Amino acid sequence: MRYFDFSRKRVALAAGIAAVLFSTAAAAPVIADESLAAQLDAATQKYAAGDYPLAILMLGEAIRGLGARFQAAGGDSQARDALVRAYELRAQAYIAIGELDRAKEDFRQLLTLNASWKLEGAAVSLKLVELFESVRVELVGYLTVQSEPSGARVLLDGAPVGATPLYSVPLVRGTYDLSVEAEGYLPFTERLAIPADVAVERTTTLKLNSGTCIFITKPSGVEVRIDDKLAGITAGGLVPAEDAALAEQFGIDPAEFSVPLRITLVTPGSHRVSLSKPCFETQDYKIDVEIRDNLFKPATLQESHARLAVASTPSGAEIFVNDELKGVTPQNDLQICSGSSTVRVSSRDGSWRYEQQIAPRRNERLEIQATPRPTLTYLGVVPSERSSVELVRDLDARLREQLGRLSTVNVRIDSEEAAVALRNLELSREILALSADSSAAKQQSLVDRLEKSASSLQTDLLLLAALPNEELQRTLKLFLFSRRHAKPDRKDVLFLNPEALEQALGRLDLEAPVVAPWAGFVTVDSMLSPYPTVVLVNPSGPAAAAGIRVGDRISAIGGLATKSSRALYSQLASLAAGQSADIAIDGAAQASTHVRLVMQTTLLEIPLNDRRLYYNRLLEDNLLRAGVAAGDQVQRSLHLFNAGIAFLHFDQALQAIEMGFSRAALPSGPGVSAGTVQYYLGECYRRLGYTKDAVAAFKRAAEDKQATFSSVDGASVSEKALLELEEIGSGR
């Protein structure tokens with residue numbers, strides 16, 4: 001005769017055990033998980049069919065396997081519950097054949113594993129419950145623990161069982177080590193015997209093992225930090241009627257001081273205290289805490305301000321200090337709080353911004369000259385499958401430190417929005433691989449996501465670091481994305497070399513200049529002369545006007561000897577346009593003489609491929625500067641031209657045309673000029689397969705005989721364009 005309807009109960013038990021078998025991570029049990037699940041299913045079917053002896057045998061094998069699983073899992077609760085369910089299942093089978101003693105033994109094993117286990121299900125019979133409860137009476141006692149204060153942790157044999165008040169916890173009879181613990185109090189411990197069917201109660205008052213610190217400040221609203229951890233903020237004001245004794249004790253005006261801030265559970269001994277509030281000088285000092293109320297002398301913080309002057313190019317930009325609008329540029333005498341602040345200067349239409357962290361001292365005056373610069377947001381480190389948490393954390397900290405030193409870009413390092421952007425971009429290892437994918441659709445998908453994230457972050461550049469799966473090299477891959485296209489700057493850094501990482505990130509500060517001082521001559525060093533020898537003189541340049549000729553040897557500038565061309569160019573670079581210098585010439589066909597050289601400037605083309613540079617940074621920088629140079633057509637066109645070069649570096653020929661070269665209206669003449677622009681337009685059209693347009697652009701470039709690459713002293717554009725036309729004509 002069955003004691004209850006097992007049809008639903010057996011399915012629930014078997015399903016619960018199987019779920020644990022396939023989810024618990026542990027060493028392999030005696031019987032494979034698949035075999036255990038199959039045996040349990042077969043055993044339940046045998047029970048349902050009335051074949052109880054065979055069901056018992058099969059459950060015995062399963063229990064041995066589950067026991068091995070439980071031991072291997074180190075007492076894991078899921079493995080324990082699976083074994084408990086199996087014992088319950090076998091006990092039902094024993095009851096069905098009248099083996100009540102064996103059923104009681106399985107119930108003992110069950111309760112030893114989990115003394116709080118209960119038989120559940122509407123179909124459980126009263127007789128079955130009586131048998132189970134008779135075993136519980138023989139085996140299980142109960143523990144109640146209360147404490148003052150309440151909420152203390154209760155541990156038995158070192159394992160947590162709950163917090164006080166804890167009522168009637170079922171425990172298998174035996175002896176336990178009881179511990180009651182609370183922060184700031186001495187623990188209560190006892191070796192405790194739990195008899196069967198007995199309710200044991202313990203009530204304890206924990207002894208205080210900490211002090212209470214009491215702070216009063218002028219003004220209120222002061223942050224109190226103990227050992228660099230925020231402990232509280234003072235508030236309100238003393239009430240004269242209630243706090244007269246306190247005011248008299250310290251000789252203070254109650255209306256000017258905060259109410260006492262009580263900070264409890266401070267460990268006895270010496271601690272560092274810091275009191276701070278914006279626009280007030282921070283106070284740092286040490287305190288000694290005893291196990292009692294520790295009332296400290298009221299602290300008065302002194303107001304602390306600094307002065308700030310802000311100018312911008314162009315002017316009329318809005319000035320924000322910690323996101324508070326302070327006016328528009330120029331401002332010569334803004335009062336701000338001393339200490340750390342973020343200054344942001346941005347155009348009213350939001351087209352450009354400048355950000356800087358400052359930390360002025362009291363009464364200090366700072367000056368800021370704000371110019372448009374791109375904003376870079378750091379997204380974090382993508383770990384590899386083999387990366388440890390400690391390694392990723394260390395690299396992230398080093399990257400943040402180095403990025404904080406950059407001075408020519410606005411850097412955003414700590415940003416919850418950046419973390420959200422990283423998730424939205426799904427910049428996993430697969431997406432990073434996609435950045436090099438040639439599929440137009442996939443490229444456009446990444447561009448769309450980059451633009452969306454950059455727009456939400458109000459940023460121009462996104463920096464991401466990734467750790468590849470490798471064993472020996474320990475390479476960190478840096479990816480710098482622009483919001484304009486899908487291809488990143490990619491730099492591999494051996495991060496075990498601190499200097500390599502510092503150098504790689506420091507190059508984010510490198511700006512490619514668009515103008516430079518120009519002397520109009522070129523020299524070389526040789527064994528035949530102790531001085532640089534002139535090998536080229538531009539006929540329309542300042543050197544020719546000064547009388548310098550090919551073959552002259554430059555022995556000094558401004559009285560300083562020149563031993564190499566490098567030293568010579570360095571001295572010339574220190575001169576601005578319009579400045580003059582005395583040049584000493586050791587003539588090849590004339591006596592030594594001196595000439596007066598008046599410097600001019602040359603427009604510069606950024607190099608198409610320079611491994612030191614981050615071209616996405618140059619791209620955003622030049623487009624930004626083009627936007628604010630609307631009043632200077634040459635400067636605007638030069639920035640657009642160099643933005644086109646940056647696009648071309650990534651083989652983004654269409655964007656190079658649309659956003660760069662087609663909008664760059666440089667004048668004709670010597671140096672980087674209209675002919676140079678036409679040559680690069682021809683190069684872009686050729687890459688896109690538009691041969692007719694490429695030929696037309698190369699022809700226009702060939703007609704400009706004065707145009708050069710790089711600078712006024714660069715190679716001839718016309719000669720290069722003619723070679724390109726020859727190649728196109730020959731079908732190469």
Side-chain angles (χ1 to χ4, degrees), residues 13 16-17 19-20 23-27 29 63-64 66-88 90-91 104-120 129 131-210 264-265 267 291:
L13 287 172
I17 298 169
V20 173
S23 65
T24 304
I63 285 171
R64 280 191 287 274
L66 285 168
R69 162 68 71 171
F70 177 59
Q71 293 297 325
D76 177 77
S77 61
Q78 285 186 310
R80 179 199 62 191
D81 289 347
L83 187 55
V84 165
R85 292 189 183 106
Y87 274 119
E88 181 184 352
R90 191 171 68 173
K104 290 176 70 174
E105 180 56 32
D106 273 355
F107 282 145
R108 289 189 187 95
Q109 295 296 332
L110 182 159
L111 289 168
T112 300
L113 288 166
N114 188 344
S116 63
W117 189 263
K118 295 180 180 179
L119 297 180
E120 297 178 348
V129 172
L131 182 65
F132 182 74
E133 290 303 323
S134 70
V135 176
R136 188 190 296 277
V137 168
E138 297 173 2
L139 192 64
V140 177
Y142 301 89
L143 175 64
T144 293
V145 182
Q146 300 185 72
S147 70
E148 177 60 40
S150 61
R153 297 182 299 276
V154 179
L155 299 94
L156 291 174
D157 293 339
V161 293
T164 59
L166 200 63
Y167 297 107
S168 298
V169 177
L171 298 170
V172 175
R173 66 190 179 197
T175 304
Y176 297 85
D177 287 323
L178 170 68
S179 180
V180 183
E181 303 175 351
E183 185 179 2
Y185 294 83
L186 291 172
F188 168 81
T189 60
E190 181 184 352
R191 185 69 174 168
L192 189 68
I194 303 293
D197 200 30
V198 173
V200 177
E201 296 185 5
R202 286 293 181 270
T203 300
T204 180
T205 299
L206 300 178
K207 293 183 178 180
L208 195 66
N209 190 36
S210 60
T264 60
L265 305 179
T267 56
I291 302 176

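The structure presented is a predicted model; accordingly, all values stated were derived computationally and were not measured.
Side-chain contact check for Val140 versus Asp197: every heavy-atom pair is 4.5 Å or farther apart. Between Leu171 and Tyr142 there is no side-chain heavy-atom pair separated by less than 4.5 Å. Residues Leu178 and Phe188 meet the side-chain proximity criterion, which asks for heavy atoms closer than 4.5 Å. With contacts defined as side-chain heavy-atom distances shorter than 4.5 Å, the pair Val135/Leu111 qualifies. Using a 4.5 Å heavy-atom threshold, the side chains of Gln146 and Thr164 count as separate. Two residues are said to be in side-chain contact when any heavy atoms from C-beta on lie closer than 4.5 Å; Glu88 and Phe132 fail this criterion. Looking only at side-chain heavy atoms (C-beta outward), Phe107 and Glu138 stay at 4.5 Å or farther from each other. Inter-residue side-chain proximity for Asn209 and Ile291 is flagged as met; some heavy-atom pair is nearer than 4.5 Å.
Of all heavy-atom pairs between Leu131 and Lys104, the closest is CD1-CG, 3.4 Å. The minimum heavy-atom distance between Gly158 and Leu155, with the atom names listed, is O-CD2, 3.4 Å. Pro187 and Glu181 get closest at one heavy-atom pair: CB-CG, 3.9 Å. The shortest non-hydrogen separation linking Tyr185 to Leu265 is CE1-CD2, 4.0 Å. Looking at every heavy atom in both residues, Pro149 comes nearest to Ser147 through O-OG, 2.6 Å. The nearest pair of heavy atoms linking Ala82 to Leu66 is O-CD1, 3.9 Å.
Judged by distance alone, the side chain of Thr175 and the main-chain N or O of Ala193 form no donor-acceptor pair under 3.5 Å. Remark: the backbone N or O of Gly184 is paired with a side-chain donor or acceptor of Ser210 at under 3.5 angstrom. Remark: side-chain polar atoms of Arg136 are paired, donor with acceptor, to backbone N or O of Trp117 under 3.5 angstrom.
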Exercise. Could you go step by step and tell me if Leu156 and Leu143 meet the side chain to side chain contact (heavy atoms under 4.5 Å, CB included) rule?
Worked result: CA-CA 11 Å; Leu156 291 174; Leu143 175 64; 4.1 Å; yes
For this session: Go through the steps to decide whether Thr112 and Leu139 satisfy the test side chain to side chain contact (heavy atoms under 4.5 Å, CB included), and finish with yes or no.
Result: CA-CA 8 Å; Thr112 300; Leu139 192 64; 3.9 Å; yes
For this session: Tell me, with the steps shown, if Leu113 and Tyr87 meet side chain to side chain contact (heavy atoms under 4.5 Å, CB included).
Result: CA-CA 10 Å; Leu113 288 166; Tyr87 274 119; 3.9 Å; yes
For this session: Might you work through the side chain to side chain contact (heavy atoms under 4.5 Å, CB included) test for Leu206 and Leu186, ending with a clear yes or no?
Result: CA-CA 6 Å; Leu206 300 178; Leu186 291 172; over 6 Å; no
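Rounding to the nearest 0.5 Å places CZ of Arg90 at 4.0 Å from CG of Asp106. Note that CD of Glu201 and OG1 of Thr203 are 6.5 Å apart. Values are rounded to the nearest 0.5 Å.
Atom CD of Glu190 is surrounded by more than 12 heavy atoms from other residues, nucleotides or ligands within 6.0 Å.
Judged as a salt bridge (Lys or Arg N to Asp or Glu O under 4.0 Å), and not counting sequence neighbours, the contacts of Asp177 are Arg191.
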